[in-house]
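Read the structure below first, then the notes.
In what follows, every chain begins at residue 1, and chains take the letters A, B, ... in the order their sequences are listed. In what follows, every heavy atom counts, from backbone to side chain, and hydrogens, waters and symmetry copies are set aside. The shown structure was predicted, so the numbers you read here are calculated from the model rather than taken from an experiment.
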Amino acid sequence: MKDYSVKLSGVTKVFEDEFTAVDKVFLSIEQGEFFSLLGPSGCGKTTILRMIAGFEEPTSGVIFLNGRDISKTPPHKREVNTIFQNYALFPHLTVFENIAFSLRLRKKAEREVKNEVGKMVELSRLFGQENKYPHQLSGGQKQRVAIARALVNKPSVLLLDEPLAALDAKLRQHMLVELDNIHDEVGITFIYVTHDQNEAMSISDHLAVMNEGKIVQKGDPIEVYESPRNAFVANFIGETNFFVGEVAKTEGEYLLLRTTAFGDIWCYMDREVAEGTRIEVSLRPEKVKISKSRPRGDHKLRLNILEGTVDETIYLGNHTKYTVQTRESYMKSFKQHARYLLDEEIIEWKDRVYLWWFADDSYLLQETGGARSDEQK
Amino acid sequence: METRKTIGKRRFSSLVTLGVFLLLYIPIVSLIVLSFNSARQGVMWTGFTLNWYVRLFSSPDIWRSFMNTVIVALVASTVATIIGTLSAIGIYWYRFKSRKYFQILIYTPLIIPDILMGVSMLIFFAALKVPLGLGTVIIAHITFCISYVTIVVITRLEDFDYSVVEAARDLGARSFQVFVKVIIPIIVPGIVAGFLLSVTLSVDDFVITFFVAGPGATTLPLRIYSMIKFGVSPVINALSTLLIGGTLMTALLARRFRKLIIG
Ligand SMILES: Nc1ncnc2c1ncn2[C@@H]1O[C@H](COP(=O)(O)OP(=O)(O)OP(=O)(O)O)[C@@H](O)[C@H]1O
Ligand SMILES: [Mg+2]
């Protein structure tokens, strides 16, 4: 059996005997990986982290750290350290003393303290800030102190609770790269909580999507993005188009989906589905091509073509998001501007356009229920 | 642009302000001035003298009361600060069943009239047959000082970020270490402010002390009162001036200290 860094086995947390914040969660996090917990606000991410750190006790279930049951171990005895969302730096201590806090608790010799703190200052690029107090630092610097303070303790797992939420977009990108570098350098397990799918996608080895206290899907970022299990995941991770309908017929690897909103649509069938079954299909907008002229149909590739009117365009520089009104519904299409925009065909509001995509590019959701095929926008 | 009307309003409000300040400070200023006046009676200025201060310092009775006041203030404030700080932490952080009632209990001494506090304590001590003396004064002062310390410390705790405590636990601190290395240093300005406030309140208190002070436990305010019964002597002015000076210094110290810590 593999020794996991952190393992949650049927962990449940009920607050005040009635509110289930975390519901029978099973998670296995590998040694040294960057793992993200992703989910909307209030879904129980922080509660899971707090149980791993030891600030909350699971109502039931067991938490293992390096193969050892730590469910009853108090926080100060767990080899786990936390980066708090609001940094939680000690306001009365300098940057140096903040970082040295855990070393001083363990009564390390002054020379060793200097040495260890020095290494952390280097790792988190805090040169020249050692004698400042937390209120004299910028957000990004506070973040780095919090990281250094936790890592100096040499934990086997680092927990990060939305560490970048308080930073502006630019700095967030920058700190994300820095976190990634630090993770590579120290090589310990990082468990990262966020509700920002871009952060989670770009940095994690594996991630778990949560909703209402339950884990909805686990996997690596590509898996979760390309093969969302249900409508919640498809919607939460990126944007998507849904088709809800009944399987009219199957032909080899393809099925024809009969929808009320979009008519008949060819879909790739990655699992056996009987005719007459009601299913949901997700199609990522970037896979939907848009053009003013009708594409030439190719039946072998099962090209789907819809006609519609451009209802909304959002120009974002490198790509544009189009919302197109088809017969009875709306579809989203993202177009990358690979060439100089003015050399491309210009598509504007109210233009008649064709949307087209290959049957292979859509994905059958494993669980139905929850998807609306955007009858109203 | 200012209209005539707003100028009129301004003039009125500054006049009111001036009036209030005059009303507040004329008695105090005249008291201070008179303490240096050589006239034995009346308010006519007859010349500068430090005579009353010399008399003040050579009176053994006054010295004794002064020492009593100092002892009571220091002991009562120290005890009240310790209990008040702990009770503030308890009320603010721990969710126990009787928390609400406890909170009300802590705040009541602030609104109960002093005279009721004094009488009730006198009855209490009498019922338990506790001999009145410096001890009873100290106990009485502790009771009302606790409330003030608790409130001041709670105010400090209100801008205290609890996750700092969790961070300390997370980094390996045991409960006691968290208390000594994190909680106390962060709330120390509140604790000091509470202590200094207690000192000024204790030094000032007349009503409650009046009821519970036994023979030989006369504090400065009680001494002033008993001296006044024999007529207003300039020595009282001198004593009051020193008292005002002392209280003012303590208050300024409290401010300085808060500024120093909070930055
Ligand atoms: N101590 C508590 N007592 C009662 N309910 C709680 C407690 N802590 C959290 N909850 C509830 O549990 C649920 C999950 O909370 P949690 O903080 O884990 O959410 P989260 O996923 O971290 O959300 P966010 O992204 O907003 O931080 C919330 O509905 C919250 O109200
Ligand atoms: Mg949270």
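- With a 4.5 Å cut-off on non-hydrogen atoms, A:V152 does not touch chain B at all.
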| request: Could you walk me through whether A:Q129 and A:K132 pass side-chain hydrogen bond (donor to acceptor under 3.5 Å, both in side chains), step by step? | output: CA-CA 6 Å; A:Q129 314 293 331; A:K132 286 191 181 167; 3.0 Å; yes
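- Interface remark: B:D170 contributes backbone and side-chain atoms alike to the contact with chain A (heavy atom separation under 4.5 Å).
- For B:E166, the parts lying under 4.5 angstrom from a heavy atom of chain A are both the backbone and the side chain.
- Note that A:R149 lies outside the cation-pi zone of A:Y87, set by a 6.0 Å cut-off to the ring centre and a 45° limit from the axis.
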| request: Take A:K154 and A:E116 through the salt bridge (Lys or Arg N to Asp or Glu O under 4.0 Å) test and state the conclusion after the steps. | output: CA-CA 10 Å; A:K154 299 205 168 60; A:E116 299 276 308; 2.8 Å; yes
| task | Check the pair A:R104 / A:E110 against salt bridge (Lys or Arg N to Asp or Glu O under 4.0 Å), numbers first and verdict last. | result | CA-CA 9 Å; A:R104 298 243 187 264; A:E110 189 59 37; 3.2 Å; yes
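- Proximity to chain B (any heavy atom under 4.5 Å) is shown, for A:L93, by neither the backbone nor the side chain.
- Dense packing is recorded around CZ of A:F55, with more than 12 heavy atoms of other residues, nucleotides or ligands lying under 6.0 Å away.
- Heavy atoms of A:N81 lying under 4.5 Å from chain B belong to its backbone as well as its side chain.
- For A:R50, the part sitting under 4.5 Å from any heavy atom of chain B is the side chain, from C-beta outward, and nothing else.
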